[in-house]
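The structure appears below as structure tokens.
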Amino acid sequence: MSHTVAQLEVFPTDLQIRRIDPACNMRRFYRMSIQPDLFGGASLVREWGRICARGQMMIEQHPDEGRAVTALMKLAAMKKRRGYA
């Protein structure tokens with residue numbers, strides 16, 4: 001019998017939030033994910049735009065995964081203050 005212990009993630013590495021307001025004809029998405037790069041660092045991949053449309057993408061390089069997670073958490077807090085959920 002093999003027991004595999006699964007470790008829970010404390011900090012998210014993927015996040016998708018939306019802002020939908022029919023009164024303003026607003027249907028937007030914001031997606032962030034942390035991806036390892038080839039040089040031992042981490043990249044924060046940000047995608048945003050209108051739902052059901054081609055959006056934009058930006059990749060931010062960070063020296064380690066911890067700093068990338070910090071940047072993701074700061075952006076998520078800012079977007080939630082602006083009405084994303």
Side-chain angles (χ1 to χ4, degrees):
M1 185 186 300
S2 174
H3 294 294
T4 307
V5 177
Q7 184 173 349
L8 297 175
E9 270 191 45
V10 176
F11 299 106
T13 56
D14 294 314
L15 181 68
Q16 181 170 337
I17 51 180
R18 295 179 181 157
R19 183 175 178 190
I20 299 174
D21 186 2
C24 296
N25 192 26
M26 183 181 299
R27 297 180 48 82
R28 299 184 184 273
F29 73 92
Y30 205 91
R31 187 176 316 135
M32 295 177 274
S33 65
I34 297 175
Q35 306 290 326
D37 66 9
L38 296 174
F39 306 107
S43 299
L44 175 59
V45 180
R46 301 164 50 184
E47 300 175 68
W48 68 91
R50 190 166 172 86
I51 294 175
C52 295
R54 188 172 177 165
Q56 296 182 14
M57 177 191 270
M58 178 188 294
I59 300 174
E60 294 179 9
Q61 301 293 331
H62 294 276
D64 58 19
E65 187 175 359
R67 291 186 186 176
V69 168
T70 301
L72 183 143
M73 298 301 285
K74 284 181 182 178
L75 282 168
M78 183 180 70
K79 292 298 178 182
K80 287 184 180 183
R81 282 193 305 266
R82 290 184 159 195
Y84 284 81

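Only a predicted model underlies this, so the values are computations on that prediction, with no experimental measurement involved.
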Tell me the closest heavy-atom pair linking [X] and [Y], and the distance in Å.
X	Y	result
D64	R67	OD1-N, 2.9 Å
N25	R50	O-NH1, 3.2 Å
I34	D14	N-OD1, 4.3 Å
Y84	I17	CB-CD1, 3.6 Å
S43	D37	OG-CB, 4.0 Å

Please determine, by modelled atom types, if Y30 and R19 share a side-chain donor-acceptor pair under 3.5 angstrom.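 On atom types as modelled, these side chains do not qualify, holding no pair under 3.5 Å.
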State the [atom1]-[atom2] distance between [X] and [Y], to the nearest 0.5 angstrom.
X	Y	atom1	atom2	answer
D21	R28	CG	CZ	11.0 Å
M26	I51	CE	CD1	11.0 Å
K74	L44	NZ	CG	12.0 Å
R46	I59	CZ	CD1	11.5 Å
R31	W48	CZ	CH2	12.0 Å
M32	E47	CE	CD	11.0 Å

May I ask whether L15 and M73 are part of the same hydrophobic cluster, defined by side-chain heavy atoms of I, L, V, M, F, W, Y residues being less than 4.5 angstrom apart, directly or through others?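 Yes; tracing contacts between hydrophobic side chains, which count when under 4.5 Å, links both residues.
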Reference residue V45; test side-chain contact (heavy atoms from CB on, under 4.5 Å); the match among M58, E60, Q35: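 Among M58, E60, Q35, the one meeting side-chain contact (heavy atoms from CB on, under 4.5 Å) with V45 is Q35.
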